[in-house]
Peer 1: 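Please read through the structure below; I'll follow up with questions.
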Amino acid sequence: MSNKAARNLFIFGSLFFFVIFLALTFDTMGKLDKRAPVITEEVNAGKMVWHKYDCIGCHTILGNGSYFAPELMKITEKKPKGYLKQFLIDPKSTNARATMPKLGITSEEADKLLAFLDWTSKIDTNGWPPKPILATAAGVGGKELSEGQRLYQSLGCSGCHIINGIGGTTGPELTYIGSKRNRDWLFGHFKDPDKFVPKSAMPKVEAADADIEKLTEYMLSLK
Amino acid sequence: MSIKYESQKIAEYFYTFAVVLFLVQVLVGIIAAAQFIWPDFFILNFNTIRTLHINALVVWILVGLMGATYYVVSEESETELWNLPLVKLQFWATVVAITAVVLGYIWMGLQPQANSPIMGITPLNEGREYIEAPRWADVLIVISVLLFLFINFMTMLKTKKWTGIQGTLIGGLVFLALMYLPGMFYAKSMVKDQFWWWWVVHLWVEGAWEVIAGALLAFMLMKVVGAKREVVEKWMYIEVGFVMFTGILGTGHHYYWIGTPGYWLWVGGIFSSLEPVPLLLMVWDAFRTTRESRNVTNKAGLYYTVAHAIFNFVGAGLWGIIHTLPQVNKWTHGTQITTAHGHLAFYGAYVLLVMSMIYITLPAIRGVKEFNASRAFQSFWWMTISMVFIVLTITGAGMVQVYMERLMGLDYVAIKANYNLWFWIFRAIFGVGFLVGVMIFVIDFFKLGKKPMPSVSAAPEKA
Ligand code: HEM
Ligand code: HEM
Ligand SMILES: [Fe+2]
């Protein structure tokens with residue numbers, strides 16, 4: 001191959017691939033809005049707050065950003081809004097071990113951020129993040145889940161609590177809770193955590209009394 | 001060794017600024033590493049420290065490449081640079097703008113409310129990774145780069161030599177400048193925001209910058225082992241051609257999970273797994289050329305050039321391909337595996353590139369006949385060994401994270417505080433080793449040729 005041929009291959013080949021890339025970009029732009037909910041003024045305002053405080057300097061969103069703190073794309077599915085709002089305004093007020101700094105986020109800003117994060121949680125991301133296969137397998141294989149275990153999963157308790165090494169770190173570990181608290185305490189605490197622990201960041205359990213009973217039963221079995 | 005044109009000396013201004021920023025980058029990198037162990041370690045929060053770390057990195061490499069370009073264009077065009085005072089203006093304007101941006105980051109770090117939007121634009125920090133620089137700074141950067149391109153273009157017009165090397169170099173730089181623009185507008189949708197953001201980040205490091213690296217590699221092989229122009233230029237075209245053919249559509253490896261259509265899994269998966277091919281060609285090119293020629297004029301320069309080719313392939317190619325297929329990336333996306341790759345790729349591809357250019361052109365600029373290369377070798381080994389261990393450590397942290405968070409469903413906060421703690425500690429220790437290497441380099445940079453040295457790396461009069 002002569003130098004001139006190699007040069008032409010480089011120039012025209014690059015242009016060729018760039019044109020394909022532009023065509024794909026054009027097609028993608030037409031499809032993006034259908035793959036996510038409508039962007040309201042509040043969602044957009046939340047995105048501005050996101051940029052203002054440089055949240056991406058610690059967190060990832062849609063998997064891109066920094067790896068210092070958890071991914072936030074689906075956070076509003078995992079944790080209740082009330083708790084998240086309290087956390088954003090003053091992280092340590094919900095959990096003394098929180099290390100996210102108090103950035104000065106106002107109450108309105110927190111609402112906007114949560115509207116934005118609600119929006120991101122509903123984007124069609126081709127199935128990302130994947131469901132943890134080992135955790136799913138642990139639930140299916142072995143023995144049947146009890147009624148209480150199922151409630152524990154469906155009510156999202158494991159977003160904040162650890163049992164046998166799995167779960168979130170916002171609240172205390174529950175692996176041995178059965179030997180720490182009695183039935184009345186647990187039941188009452190579920191109905192209204194604030195009555196038992198002042199300024200508790202644990203959300204009230206929104207379920208029928210019968211279900212709360214089953215949940216309490218499950219807690220008592222953890223010894 | 002000596003320069004042919006007086007104005008080539010200007011490269012040293014750019015190198016000096018680059019070297020100072022390199023030192024700053026690594027210092028703040030160590031602070032960031034310490035904050036993984038003690039989050040409250042420093043007055044500035046992690047996000048500000050990280051912003052300084054990655055911005056210093058990108059800027060010093062760009063500034064270093066600017067200096068190298070002025071040198072190469074003057075040499076290849078066989079003439080003085082067009083309008084030297086304007087070059088100096090471009091240099092000082094860049095220094096002032098960068099300093100202002102850095103002060104802005106620190107101000108915002110101390111006082112987050114100072115970044116409240118003014119007419120919908122955040123004034124100190126855009127809050128987007130790598131392109132945190134606020135809009136007013138974007139404009140200044142574009143002006144500086146346009147001026148830089150214009151001066152080089154006018155220099156080439158003086159003699160109209162249009163060599164392949166300088167054509168490719170300028171082509172890569174124009175592409176670089178153009179690819180800054182997609183990062184300069186606001187998108188209401190976070191999906192579109194990230195879509196265009198990757199045009200800047202990916203098409204820079206895996207497109208424009210690799211083209212520049214290919215052109216400079218050809219130049220360095222000519223200078224340092226006296227390789228024949230026709231041969232190096234032909235391989236250069238083939239290498240940078242492949243970079244573009246695979247790298248442009250390879251952008252798709254960032255469009256798997258951000259809300260983009262599913263066909264990107266195919267496009268990105270196929271093209272990005274071919275991206276290591278041109279990088280391997282560059283390694284082969286460096287070895288073949290070196291073996292063919294016996295008259296090595298600058299041992300340190302050659303050493304860095306070959307190391308650049310190798311680590312470009314290992315960091316970008318190997319550490320890239322391990323997580324580029326969608327089936328793997330689904331689990332590793334946004335974990336410490338990405339950090340490991342980012343470090344080795346940037347170090348191998350661009351840190352070593354700028355350092356090779358410095359070791360090849362600085363002796364000529366300083367008019368040194370021979371220089372003692374022992375410090376160059378020492379700093380190389382301190383840096384390279386430390387970086388390899390940082391990367392292995394963080395790859396380990398990434399594997400633990402993928403297993404525990406993505407497969408078992410544990411919270412990242414728990415993993416970070418418990419299971420990965422020792423990885424953070426080792427990274428910080430190796431980081432100090434890296435800093436030692438950088439300090440040896442900085443000393444060498446300022447002392448090279450200033451004092452007569454016992455000859456180790458002999459350099460004949462003409463390269
Ligand atoms: C010199 C060239 C390269 C440099 C400097 C580089 C650097 C980086 C950096 C810094 C990131 C992280 C971006 C972020 O902060 O979000 C990244 C991500 C990535 N790179 Fe590279 N890279 C290079 C080449 C390659 C190549 C050749 C491949 C594939 C073969 C590759 C595959 C990837 C992938 C798949 C990701 C996304 C990781 C994730 O999903 O989190 N890179 N690269
Ligand atoms: C020349 C050498 C270096 C280069 C090229 C480099 C490059 C980078 C890049 C591109 C990033 C952002 C992308 C990512 O996290 O994937 C980053 C982040 C970081 N770097 Fe470096 N770095 C270097 C040296 C160091 C050193 C010596 C340390 C300290 C031990 C360090 C510590 C960090 C930390 C802690 C982060 C944040 C990672 C995270 O978000 O998890 N870096 N660096
Ligand atoms: Fe990429």
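Note that this is a predicted model, so its numbers are computed, not measured. Note that these values count all heavy atoms, side chains included, but never hydrogens, waters or copies made by symmetry.
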Peer 1: Check each atom of Trp196(B) against the heavy atoms of chain A and say whether the ones under 4.5 Å are side chain, backbone, both or neither.
Peer 2: side chain
Peer 1: Distance from Leu103(A) atom CG to Asn47(B) atom CG, nearest 0.5 Å?
Peer 2: 7.0 Å
Peer 1: Given heavy-atom pairs under 4.5 angstrom as the criterion, report whether the side chain, backbone, both or neither of Glu173(A) touches chain B.
Peer 2: neither
Peer 1: Looking at Pro261(B) and Leu32(A), what are the two nearest heavy atoms and their distance?
Peer 2: CD-CD2, 4.3 Å
Peer 1: Measuring from atom CZ of Arg7(A) to atom CD1 of Ile238(B), what distance do you get when rounded to the nearest 0.5 angstrom?
Peer 2: 14.0 Å
Peer 1: With a 4.5 Å cut-off on side-chain heavy atoms, are Trp198(B) and Asn64(A) touching?
Peer 2: yes
Peer 1: Given a strict heavy-atom distance threshold of 4.5 Å, which part of Asn45(B) is in contact with chain A: side chain, backbone, both, or neither?
Peer 2: side chain
Peer 1: Mind ranking Ala414(B), Pro117(B), Ser189(B), Gly207(B) by heavy-atom pairs under 4.5 Å with chain A and telling me who comes out on top?
Peer 2: Ser189(B)
Peer 1: If you count heavy-atom pairs within less than 4.5 Å of chain A, which of Phe245(B), Tyr263(B), Tyr412(B) leads?
Peer 2: Phe245(B)
Peer 1: Tell me, side chain or backbone of Thr51(B) under 4.5 Å from chain A's heavy atoms, or both, or neither?
Peer 2: side chain
Peer 1: Are side-chain heavy atoms of Phe18(A) and Phe175(B) found at a separation under 4.5 Å?
Peer 2: yes
Peer 1: Please look at Met1(A) and chain B and tell me whether the side chain, the backbone, both or neither of the residue comes under 4.5 angstrom of a heavy atom of that chain.
Peer 2: both
Peer 1: Non-hydrogen atoms of chain B under 4.5 Å away: do they reach the side chain of Asn8(A), the backbone, both or neither?
Peer 2: neither
Peer 1: Provide the closest heavy-atom pair for Glu41(A) versus Lys188(B) in the form atom of the first, atom of the second, distance.
Peer 2: OE2-NZ, 3.5 Å
Peer 1: Identify the heavy atoms of Thr25(A) and Phe195(B) that sit nearest to each other, and give their distance.
Peer 2: CG2-CE2, 3.5 Å
Peer 1: Which of the residues Lys192(B), Glu239(B), Arg128(B), Glu132(B) is involved in the greatest number of heavy-atom pairs with chain A at under 4.5 angstrom?
Peer 2: Lys192(B)
Peer 1: Given heavy-atom pairs under 4.5 angstrom as the criterion, report whether the side chain, backbone, both or neither of Lys52(A) touches chain B.
Peer 2: both
Peer 1: Side chain, backbone, both or neither: which part of Gln194(B) has a heavy atom under 4.5 Å from chain A?
Peer 2: side chain
Peer 1: Heavy-atom pairs under 4.5 Å with chain B - which of Ile162(A), Asp27(A), Asn44(A) has more of them than the others?
Peer 2: Asn44(A)
Peer 1: Under 6.0 Å from the ring centre and within 45 degrees of the ring axis: does the NZ or CZ of Lys416(B) meet both conditions for the six-membered ring of Tyr67(A)?
Peer 2: no
Peer 1: Measure Trp235(B) against the heavy atoms of chain A and call it side chain, backbone, both or neither at under 4.5 Å.
Peer 2: neither
Peer 1: Using non-hydrogen atoms and a 4.5 Å limit, figure out which bit of Ile123(A) sits close to chain B: side chain, backbone, both or neither.
Peer 2: side chain
Peer 1: Determine whether Trp257(B) and Met73(A) make a side-chain contact, defined as any pair of heavy atoms from C-beta on separated by less than 4.5 Å.
Peer 2: no
Peer 1: Does Tyr403(B) have more than 12 heavy atoms from other residues, nucleotides or ligands lying within 6.0 Å of its OH?
Peer 2: no
Peer 1: Glu233(B) vs Lys4(A), test: salt bridge (Lys or Arg N to Asp or Glu O under 4.0 Å). Steps then yes/no.
Peer 2: CA-CA 10 Å; Glu233(B) 286 196 343; Lys4(A) 202 161 169 221; over 6 Å; no
Peer 1: So what's closer than 4.5 Å to chain B heavy atoms on Asp124(A): side chain, backbone, both or neither?
Peer 2: backbone
Peer 1: Find the one option among Glu126(B), Gln113(B), Gln35(B) whose heavy-atom pairs under 4.5 Å with chain A are most numerous.
Peer 2: Gln113(B)
Peer 1: Can you tell which part of Ala69(A) gets under 4.5 Å to a heavy atom of chain B, answering side chain, backbone, both or neither?
Peer 2: backbone
Peer 1: I'd like to know which of Val191(B), Leu203(B), Thr260(B), Thr48(B) tops the heavy-atom pair count under 4.5 Å against chain A.
Peer 2: Thr260(B)
Peer 1: Under 4.5 Å from any heavy atom of chain B, what part of Ile56(A) do you find: side chain, backbone, both or neither?
Peer 2: side chain
Peer 1: Report the C-alpha separation of Val267(B) and Phe21(A) in whole Å, then their side-chain angles, then the decisive distance to 0.1 Å, and conclude whether the side-chain contact (heavy atoms from CB on, under 4.5 Å) test is met.
Peer 2: CA-CA 10 Å; Val267(B) 179; Phe21(A) 186 54; over 6 Å; no
Peer 1: Looking at chain B, which one of Gly104(A), Gly159(A), Cys58(A) has the largest number of heavy-atom pairs inside 4.5 Å, strictly under?
Peer 2: Cys58(A)
Peer 1: Is Pro129(A) in contact with chain B via its backbone, its side chain, both, or neither, using a 4.5 Å heavy-atom distance?
Peer 2: neither
Peer 1: Which bit of Thr335(B) is near chain A, if near means a heavy-atom gap under 4.5 Å: side chain, backbone, both or neither?
Peer 2: backbone
Peer 1: To the nearest 0.5 Å, what is the distance between NZ (Lys78(A)) and CG (Asp411(B))?
Peer 2: 7.0 Å
Peer 1: Can you tell which part of Arg35(A) gets under 4.5 Å to a heavy atom of chain B, answering side chain, backbone, both or neither?
Peer 2: side chain
Peer 1: So which heavy atom on Leu62(A) is nearest to which on His333(B), and how close?
Peer 2: O-NE2, 2.9 Å
Peer 1: At a 4.5 Å cut-off on heavy atoms, which part of Tyr130(B) comes close to chain A: side chain, backbone, both, or neither?
Peer 2: neither
Peer 1: Please flag which part of Phe242(B) lies under 4.5 Å from any non-hydrogen atom of chain A: side chain, backbone, both or neither.
Peer 2: neither
Peer 1: Below 4.5 Å, heavy atoms only, C-beta onward: do Phe10(A) and Met236(B) meet side chain to side chain?
Peer 2: no
Peer 1: So what's closer than 4.5 Å to chain B heavy atoms on Thr170(A): side chain, backbone, both or neither?
Peer 2: neither
Peer 1: Between Trp128(A) and Lys330(B) (side chain of the first, backbone of the second, donor and acceptor by atom type, cut-off under 3.5 Å), is there such a pair?
Peer 2: yes
Peer 1: Are any non-hydrogen side-chain atoms of Phe46(B) and Pro101(A) less than 4.5 angstrom apart?
Peer 2: no
Peer 1: Measuring heavy-atom distances to chain A, does Met108(B) have an atom under 4.5 Å in its side chain, in its backbone, in both, or in neither?
Peer 2: side chain
Peer 1: With only heavy atoms counted, which part of Ile11(A) is less than 4.5 Å from chain B, the side chain, the backbone, both or neither?
Peer 2: neither
Peer 1: Let me know if Leu124(B) has heavy atoms under 4.5 Å from chain A in its side chain, its backbone, both or neither.
Peer 2: neither
Peer 1: With chain B as the partner, which of Ser158(A), Pro130(A), Gly167(A) has the greatest number of non-hydrogen pairs under 4.5 Å?
Peer 2: Pro130(A)
Peer 1: Which one wins on heavy-atom pair count under 4.5 Å against chain B: Ala36(A), Ser2(A), Gly57(A)?
Peer 2: Gly57(A)
Peer 1: So which part of Leu15(A) gets closer than 4.5 Å to some heavy atom of chain B, the side chain, the backbone, both or neither?
Peer 2: neither
Peer 1: So which residue, Asp33(A), Thr120(A), Val43(A), ends up with the most heavy-atom pairs under 4.5 Å with chain B?
Peer 2: Asp33(A)
Peer 1: Do Phe68(A) and Arg50(B) touch side chain to side chain, with heavy atoms closer than 4.5 Å?
Peer 2: no
Peer 1: Any heavy-atom pair between the side chains of Met244(B) and Phe16(A) that's under 4.5 Å?
Peer 2: no
Peer 1: Just checking, any donor-acceptor pair under 3.5 angstrom between side chains of Tyr105(B) and Asp54(A)?
Peer 2: no
Peer 1: Which atoms of Tyr237(B) come close to chain A, meaning under 4.5 Å heavy atom to heavy atom: side chain ones, backbone ones, both, or neither?
Peer 2: both
Peer 1: Could you have a look at Thr60(A), Ile20(A), Val49(A), Thr99(A) and say which one has the most heavy-atom pairs with chain B under 4.5 angstrom?
Peer 2: Thr99(A)
Peer 1: Does the side chain of Thr28(A) reach to within under 4.5 Å of the side chain of Tyr255(B), using non-hydrogen atoms?
Peer 2: no
Peer 1: Looking at Gly334(B), Gly259(B), Pro39(B), which has the largest count of heavy-atom pairs under 4.5 Å with chain A?
Peer 2: Gly259(B)
